[in-house]
There are 2 protein chains.
Amino acid sequence: MRHVADRAGVSYQTVSRVINDADGVAPQTRERVLAAMRDLNYRPSVAARSLARARTDTIGLVLPFPVDVTFANAHFLQTIGGVDRVVAENDYSLLVSSPDDEDPALSAHRRMVRRRAVDGVIVEAGMGDEGIELLIEAGYPVVAIGHVAAAVPSVRPDDESGAYSATQHLLALGHRRIALIAGSAPDNLAQQARLRGCRRAGTDAGLPLDEDLIATGEFSLESGHEAAARLFDRDVPPTAVLAFNDAMAIGAMRLLRERGIDVPREVSVVGFDDTPTAALLTPALTTVRIFSSELGQRAARTLIGMLRGTKVPPVPAVLPSQLVVRQSTAPVPARRG
Amino acid sequence: MRHVADRAGVSYQTVSRVINDADGVAPQTRERVLAAMRDLNYRPSVAARSLARARTDTIGLVLPFPVDVTFANAHFLQTIGGVDRVVAENDYSLLVSSPDDEDPALSAHRRMVRRRAVDGVIVEAGMGDEGIELLIEAGYPVVAIGHVAAAVPSVRPDDESGAYSATQHLLALGHRRIALIAGSAPDNLAQQARLRGCRRAGTDAGLPLDEDLIATGEFSLESGHEAAARLFDRDVPPTAVLAFNDAMAIGAMRLLRERGIDVPREVSVVGFDDTPTAALLTPALTTVRIFSSELGQRAARTLIGMLRGTKVPPVPAVLPSQLVVRQSTAPVPARRG
DNA sequence: CGGGATCGTGTGAACGGTCACGTGTGTGCG
DNA sequence: CGCACACACGTGACCGTTCACACGATCCCG
C-alpha cells in the first residue's frame, strides 16, 4: 500500500528512501512523507522488504530441549537472556525453535532450515553436532554457545580450568575423597572437559581422583539429590562433593541436610555456574562462575558481526571461568578414631 | 532460483504446486521435481512466499519481562512451553519479543508491531493493557494469557476460586491468623482476583481475613523468604501462610526451617501454581494447581484458530484451578497456655 | 552567463514466490 | 467416430520493497 503513502505528494520510491533514511531527500519532503505515513498508519512489510534485500533481520535460536526444560536450567536462562538483549539492541528479531519428541537431535534445526526465515542461527550446544552441520549445509552463518566439535565460531566457558580450580580448592582444603556429580551424557564435550579438569587437578597434586566417586545426574535439583543419596550410602562416604551445576549442588545440600550432615563442617559442596541463587543459600554456595549471560551476549554479537560482513574464524572463544569461594566449603574435618 | 528448479523438466509454477502439494500434478512429474529440489538443495524463500500469500506462518510472543526474568518464573516457563509445543505442531514459527529497560510496558509490543512479521500475537499478561491496545490498533489478532481488561480473547486460570478454596482449606483446618504473601503490583488483575477470593472465603466463613497479615513479594524465592521474615517478626505471628506462587511459598518454608518452626505442625504453608518441584519438597507443598501448560496450549490453539478464520469472541476462557492438598498443611496446633 | 557538479526525485527492473486463468493432451461416452 | 470434459501443465500478472540509473532542476564557479 505504498501508492497510498505517496498520496503525500511524491512517488513511492521516495517513501522507501525516507524509511531507510537514506540521504538525498529534501527535509520538507521527508516531513510530508512521515506525516502521511502516520496518517495512514502505515507499516512497511517485512516480507517484501526481506525479499528485496535478501535478508530478514531475524536471527534464529535453536534450543537443545523443549522450551520448558531448556529454560528451567539457570545457565541457559542466563545465556539466552544475554542473546535476547543484544539481539534487541541491534534491532534484530529472535525466532526460537525447539526440538520435538520425535527427533530431539535434529528437528529444531530442521525446522529452522526449512523455512528460510533467518539470517543466521545461534545454537545452544547440547546434543551432538549433526544439527549444526545441517545448518551449515543450508548456508547459514552459525555460532554455537558451548562446546562443539563442528567448525563454527563458538563461545564457551573454560570448563576445564573451572573444574580444575574447583578440584584444586577442595584438595587444598585437605579433601581426599572428592565425589563428582557429573552429567549423564558421556559424549557431551563440556562434560568431558570438566572431567578432564578434575582429573588433571588430582594428578597434578599427586592425588588422583577416586573414579568410583563419580555419580551422574540430569542437571536438576532432584537428580542431584538422588546422586548424593547414592554417594552417601557408601561405606566410606566422600568428604566433598563437586556438582557440575548449581542445581545439582543444591540437591546434594538438601540431602545432606536431611541426613543431618553439616555443610561445610562435615562435608564441603561446590557447584558450577554461579546461578543467582547460589549466593543466597545458607550456607552460600562455593561455585564456579561461568558468566553465562556474557556467553550469550558474545555469541549474539559475534553472529551479528558475521552478518555485517566480519569474517570470524571457526574457533571457539573461551571465556575464563572463575572459582567463587563462599561458605559451603571448609577444611576437611580432622579424622576421628 | 526457481528457474533452476525447473531445469528438472517442467516450468516453475508446477514446482510451486509440488511444494504446496496441490493436486493436479502427475505423480511422475512430482517425483522429478522433488528429485531436482533435492539435487539442487533448494529451499523455498519464506519472504517471497509470505509476500505473495500475505501471511508469514509465524506467531509472535510478547513477554512481560526480559527473557531471563520471565522464564525464571515457573508458571511462565510452563505456559510458554505449552505455546511452543502447539505452535510447532501446527508448523508455525515463534518470534519472541521482550521488553527493554527503557520502556518496559510497551517496547516489546512496539517492536512486534513495527516489523509486520507475524500473523498474530500471544501476549503474556503482566503489565497493563496499553501494549495490547497497540497490537489491536495495528490490526493483529491477539490472544492474551492471563487476566486482562482489553477486549481480546484470553485464557486464564480461575484465580479467584483457586484462592478461595485455598483459604477455605486453611480455615477448615482451624487457622484463623492466615497470612498472605501477595504480589507487589496492586493493579495486576490476577492479583486482585486472588485477593478477592481469599477475602470472600473469609467473609463467607464469617471469619474475615486480617488485612495486616498481607505481605508482598516479587514472586521469587528470595522475596518470599523476606516477606515471611516480616510476617514472623510480628508479636503474634500467623499460623498459616498462603503465598501467591510456589517460589514464594518455598521461600517462606525456608525461613520457617531456619527459625526452627515446623511445617506443617506449627505453621501451614500453601502455594500457588503447582510447579513441578512443589510435589518434590519435604514436606510436599499444598498448592493451587493452575494448569499453566494447558493455558499456553489453549492460547496457541485459539490464536491459530483465529488465523484460520474462526471467530473468537473477546471473552476470557477460564480454566478451573484446583487445590492440591499435600503435606505442608495441617490442623492449627492446639493453643497453649 | 554557460557548463559541469550536485542534489532531489522519478523510472524500470528485479527479488521469489502464488494465484486465477488459459491451453493442450488424453479419456469416456453417446 | 466425434464431442465434452477432466486432467496436467504453462502463461501472465501481482504481492510490496529495494536498487541502479536516468533525469531535471539548482548551484557554483570560471
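A note on names: the letters A, B, ... follow the listed sequences, proteins ahead of strands, and every chain is numbered from 1.
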Participant: Check the distance between C:dA14's P and A:Arg55's CZ and give it to me in whole angstrom.
Facilitator: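 Distance check: A:Arg55 CZ to C:dA14 P gives 22 Å.
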
Participant: Identify which nucleotide among C:dT18, C:dG17, C:dC15 has an atom closest to any side-chain atom of B:Arg53, counting heavy atoms from C-beta outward.
Facilitator: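 Side chain of B:Arg53 sits closest to C:dT18.
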
Participant: Taking the axis from the first five pairs and the axis from the last five, what angle separates them in the helix from C:dC1-D:dG30 to C:dG30-D:dC1, rounded to 10 degrees?
Facilitator: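 End axes: 40° apart.
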
Participant: Can B:Arg49 and B:Asn20 be counted as having a side-chain donor-acceptor contact under 3.5 angstrom?
Facilitator: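 There is such a pair (donor and acceptor under 3.5 Å, judged by atom type) between the side chains of B:Arg49 and B:Asn20.
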
Participant: Within the distance-only criterion (no hydrogens, no angle test), does the side chain of A:Asn188 pair as donor or acceptor with the backbone N or O of A:Gln191 below 3.5 angstrom?
Facilitator: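 Yes, A:Asn188 side chain to A:Gln191 backbone: donor-acceptor pair under 3.5 Å.
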
Participant: Quick one: is B:Thr14 getting a side-chain N or O under 4.0 Å of the D:dG10 phosphate, OP1 or OP2?
Facilitator: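 The answer is yes; a side-chain N or O of B:Thr14 sits under 4.0 Å from OP1 or OP2.
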
Participant: To the nearest Å, how far apart are A:Asp57 CG and D:dT17 C1'?
Facilitator: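 Distance check: A:Asp57 CG to D:dT17 C1' gives 13 Å.
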
Participant: The side chain of B:Val25 is closest to which nucleotide in this list: C:dT9, D:dC9, C:dG17?
Facilitator: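 Given the options C:dT9, D:dC9, C:dG17, the side chain of B:Val25 is closest to D:dC9.
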
Participant: Classify the angle between the aromatic ring planes of B:Phe65 and B:Phe76 as parallel (below 30°), tilted (30 to 60°) or perpendicular (above 60°).
Facilitator: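 Taking B:Phe76 first and then B:Phe65, their aromatic rings sit tilted (interplane angle of 30° to 60°).
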
Participant: Starting from the 5' end of DNA chain D, give me the residue, B:Arg30 or B:Ala48, whose nearest nucleotide shows up first.
Facilitator: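 So the residue in question is B:Arg30.
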
Participant: How close or far is atom P of D:dT17 from atom CE of A:Met37, stated in whole angstroms?
Facilitator: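 Roughly 10 Å, once rounded to whole Å.
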
Participant: Work out which heavy atom in B:Leu61 is nearest to a heavy atom in B:Met112; give both atom names and the distance.
Facilitator: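 Where B:Leu61 meets B:Met112 most closely, the heavy atoms are N-SD, 4.1 Å.
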
Participant: Within the distance-only criterion (no hydrogens, no angle test), does the side chain of B:Asp129 pair as donor or acceptor with the backbone N or O of B:Ala150 below 3.5 angstrom?
Facilitator: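 Yes.
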
Participant: Counting any heavy atom closer than 4.0 Å, what does B:Arg43 reach on the DNA or RNA strands: base, sugar-phosphate only, or nothing?
Facilitator: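 Result for B:Arg43 = sugar-phosphate.
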
Participant: Any non-hydrogen side-chain atom of A:Pro99 less than 4.5 Å from a side-chain atom of A:Pro66?
Facilitator: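 Contact flag for A:Pro99/A:Pro66 side chains = yes.
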
Participant: Could you state the CD-P distance from B:Gln28 to D:dC7, rounded to the nearest angstrom?
Facilitator: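 Those two atoms, CD and P, are 17 Å apart.
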
Participant: Please give, in whole Å, the distance from C:dC19 P to B:Asn20 CG?
Facilitator: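 B:Asn20 atom CG is separated from C:dC19 atom P by 7 Å.
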
Participant: Quickly work out the A:Arg17 CZ to D:dA20 C1' distance and round it to whole Å.
Facilitator: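 In whole Å, D:dA20 C1' lies 11 Å from A:Arg17 CZ.
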
Participant: Can you find a side chain N or O atom of A:Ser11 that sits less than 4.0 Å from OP1 or OP2 on C:dT9?
Facilitator: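 False: A:Ser11 side-chain N/O out of range (4.0 Å or more) of C:dT9 OP1/OP2.
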
Participant: Which part of the nucleic acid, if any, lies within reach of A:Thr29 when heavy atoms closer than 4.0 Å are counted: base, sugar-phosphate only, or nothing?
Facilitator: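 If one applies the 4.0 Å heavy-atom cut-off, A:Thr29 turns out to touch the sugar-phosphate alone, with no base involved.
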
Participant: Who are the side-chain contact (heavy atoms from CB on, under 4.5 Å) partners of B:Ser292, not counting sequence neighbours?
Facilitator: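 With neighbours one apart ignored, the set is B:His75, B:Gln78, B:Thr79, B:Ile290.
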
Participant: Decide yes or no, distance alone: a donor-acceptor N/O pair under 3.5 angstrom between the base of D:dG16 and the side-chain of A:Gln13.
Facilitator: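 Side chain to base: no pair present.
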
Participant: Which nucleotide wins on minimum distance to the side chain of B:Ala52, given the candidates D:dT18, C:dG17, C:dG10?
Facilitator: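 Nucleotide nearest to B:Ala52's side chain: C:dG17.
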
Participant: Which whole-number value in Å describes the distance from A:Tyr12 OH to C:dG8 C1'?
Facilitator: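 The answer, rounded to whole Å, is 18 Å.
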
Participant: Enumerate the residue pairs fulfilling side-chain hydrogen bond (donor to acceptor under 3.5 Å, both in side chains) with a member in residues 51-66 of chain A, sequence neighbours excluded, ordered by first and then second residue.
Facilitator: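 Non-adjacent pairs meeting side-chain hydrogen bond (donor to acceptor under 3.5 Å, both in side chains): A:Arg55-A:Asp57, A:Thr56-A:Asp119.
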
Participant: Expressed in angstrom and rounded to an integer, what is the separation of B:Arg49 atom CZ from C:dC19 atom C1'?
Facilitator: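 Interatomic distance, CZ of B:Arg49 to C1' of C:dC19: 13 Å.
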
Participant: Under 4.0 angstrom, heavy atoms only, what part of the nucleic acid is A:Ala26 near: base, sugar-phosphate, or nothing?
Facilitator: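 Sugar-phosphate only.
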
